[in-house]
Amino acid sequence: MQALESSRRNFIKAGLAAIGALSAGGVTAQGKVNHKFDKIVDVIVVGSGFAGLAAALEAAEKGASVLLLEKMPVFGGNSAINGGAFAVAGSPLQEKEGIKDSPELMLRDMIKSGRGLSHVDLLKNIVYGTRPAFDFTVKYGVKYKPFVQHFGGHSVPRIMQTVESTGGGITRPLVEAARKQGVDLHTSAAMEDFIRDENGRVIGLVVREKFNFLQKDSGLVLNYGARKGIVIASGGFSQNVQFRKAIDPSLDEKLESTNHPGATGECLMAMLALGAMPIQLDQIQLGPWSSPDERGFGLVSQFNTIAGFPKGIMVDRRTGRRFVDELADRKARSDAILNQIDENGKPVYPICFVDSEGVKLAQTLKNGLKYGVIRKFDTLEELAKAYGIPADNLIKQVNEFNEYVRNGKDEQFNRPLALAVEITKAPFYAARVWPKVHYCMGGVAINNRAQVLNVRDLKPIPGLYAAGEVTGGTHGASRLGGCAIADGLVTGRTAGAQVAAEPSQNLS
């Protein structure tokens, strides 16, 4: 089975590579010389999430004129609705709390999570760039909670989270900073195609302004030129069910996504058609903290990441027993949860719960209770009855876990217990859990300068850069929590600085 899976993945990659190579053979009609542009700037950035905003700001700081395009009617994309959790190796708060961490330790954690598929040279850029990127956000007014969190797969607590518990706590200040830096910011502006010169250099974009996402051919078609280059920071494709099913048939309509509706991958496909090298497109991550009782990212996700997983436990409803390390990496947890099915192949949703002490920092608790996706119980017996769990088994499991906490060692799954508490203080809070499609580890190949690489010779495509989730290879088979912000900010800053240093092309 493993050999068959490997063959399937290689076939997909080879097919995509062949398509890219054929598409890259000539210059498009738009790419003829003496092309007329409606607007010319130094740098064009596509996407307004962490990567796009970081790239735009970095390029503007270096003196470049920057145009930023966002196809949706508001800025931020997936970044604005994510949990605002940022993995930082060596943050000031870690130092204050005496947590010993380093980029080298974070690198080891990420390599382990990637299961041997990570491109380590790209990972190194990320981990050594997290502290500078953190300082970059603070400089522009981003505020973080006054405590460090411990997410699954990380050896030590290193997660800084915005006070809002959303990525909007980062994207909003960066949008304002970009505006003050003179970045020309456009919403409802969808990239449609690349424009190249007679030598194949990317010199501009065909763009639909006043674009309506629900009407694919809407808007006014304009041509924008970039003297120095273009940065694609358009995010992933998890909402494009047809595309993701072609890559992995198991990720069909039955699995929801945590992403916003615009995560459909058109810019990724345009780069592949241009001849960009595809990397690990079949590595698509599920978020193990989601709930089947709500749409999208929801309220349970933050409840689980900040309370349920680090301070509580998750059990199989049929047995009342734990079945996985609640702080394992995302792939390990998602795989274990997806195995919770009955004899008819239907999901048996696991239950994650915590006591009143462990839930104190969960900001979404109030609304979760209001909308019924999180439930409150005065006793463990009540909790067990509500979910059909054998009460005696559940109480025995809780007692065993409490003993592990007291002794400082998880005898069942060797889970890190740095933030764990004994589950003793009523009331108890619980939620049903089921994974959702969350993050695309695969994308186009880039080098350490964030240049997009050609499928034919793995050399940079002149004038084309990429950053964030649209790139591939960095995380391998699984991305650790908190590393999307790290990736986006670090690669975005790299791309912005590099493209700003490019020599200007004469486009007039």
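All figures in this text were calculated on a predicted structure; none of them were measured in a lab.
- Electrostatic pairing of Glu403 and Lys409 does not count as a salt bridge here, judged by no charged N lying under 4.0 Å from a carboxylate O.
- For CZ of Arg295, the number of neighbouring non-hydrogen atoms (other residues, nucleotides, ligands) closer than 6.0 Å is 12 at most.
- A salt bridge is defined here as a Lys NZ or Arg NE, NH1 or NH2 lying under 4.0 Å from an Asp or Glu carboxylate O, and Asp282 with Arg244 fails to meet this definition.
- Relative orientation of the Tyr144 and Phe134 rings is tilted, given thresholds of 30° and 60° on the angle between their planes.
- With sequence neighbours left out, Glu266 forms a salt bridge (charged side-chain N to carboxylate O under 4.0 Å, His left out) with Lys71.
- Evaluation of the ring pair (Phe, Tyr, Trp, His ring centres under 6.0 Å) rule for Phe136 yields Tyr140 as partners, not counting sequence neighbours.
- Relative ring orientation between Phe297 and Trp289 is described as tilted, the plane-to-plane angle lying within the 30° to 60° band.
- Side-chain contact check for Val444 versus Leu272: some heavy-atom pair is nearer than 4.5 Å.
- In this structure Phe151 satisfies the ring pair (Phe, Tyr, Trp, His ring centres under 6.0 Å) test with no other residue, sequence neighbours excluded.
- The CD atom of Gln181 lies 10.5 Å from the NZ atom of Lys62; values are rounded to the nearest 0.5 Å.
- Under the side chain to side chain contact (heavy atoms under 4.5 Å, CB included) criterion, Ala87 pairs with Met106, His154, Arg158, Ile159, Cys483, sequence neighbours left out.
- Partners of Leu369 under the side chain to side chain contact (heavy atoms under 4.5 Å, CB included) rule, at least two apart in sequence or in another chain, are Leu365, Ile374, Lys376, Tyr429.
- With sequence neighbours left out, the salt bridge (charged side-chain N to carboxylate O under 4.0 Å, His left out) criterion links Lys360 to Glu357.
- Salt bridge Lys145/Glu164: absent, no basic N to carboxylate O contact under 4.0 Å.
- Residues forming a side chain to side chain contact (heavy atoms under 4.5 Å, CB included) with Ala420 (at least two apart in sequence, or on another chain): Phe401, Val405, Arg415, Leu417.
- Shown here are the salt bridge (charged side-chain N to carboxylate O under 4.0 Å, His left out) partners of Lys254, two or more places apart in sequence or in another chain: Asp252.
- In terms of the ring pair (Phe, Tyr, Trp, His ring centres under 6.0 Å) criterion, residue partners of Tyr387 (sequence neighbours excluded) are, by chain and number, Phe377.
- Here the side chains of Val148 and Glu97 are in contact, with some heavy-atom distance below 4.5 Å.
- By the neighbour-count criterion of 12 heavy atoms within 6.0 Å, atom OH of Tyr371 is sparsely surrounded, having that number or fewer from other residues, nucleotides or ligands.
- Counting heavy atoms of neighbouring residues, nucleotides and ligands inside a 6.0 Å radius, atom NZ of Lys139 exceeds 12 of them.
- Salt bridge present: Arg115 and Asp329 bring a charged side-chain N and a carboxylate O closer than 4.0 Å.
- Pairs of residues two or more places apart, or lying in two chains, that qualify as side-chain hydrogen bond (donor to acceptor under 3.5 Å, both in side chains) and include a residue from residues 489-499 are Glu58-Arg493, Arg449-Gln498, Asp487-Thr491.
- Aromatic rings from Phe428 and Phe353 are positioned such that their centres are separated by 6.0 Å or more.
- In this structure Glu253 satisfies the side chain to side chain contact (heavy atoms under 4.5 Å, CB included) test together with Val241, Lys245, sequence neighbours excluded.
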- [ ] With salt bridge (charged side-chain N to carboxylate O under 4.0 Å, His left out) as the test, would you mind laying out the steps for Arg131 and Asp101 before giving the verdict?
- [x] CA-CA 12 Å; Arg131 175 60 191 269; Asp101 196 9; over 6 Å; no
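- Residues satisfying the ring pair (Phe, Tyr, Trp, His ring centres under 6.0 Å) test with Phe309, not counting sequence neighbours, are none.
- Ion pair Asp316/Arg321 not flagged as a salt bridge, since none of the NZ, NE, NH1 or NH2 atoms sits closer than 4.0 Å to an Asp/Glu carboxylate oxygen.
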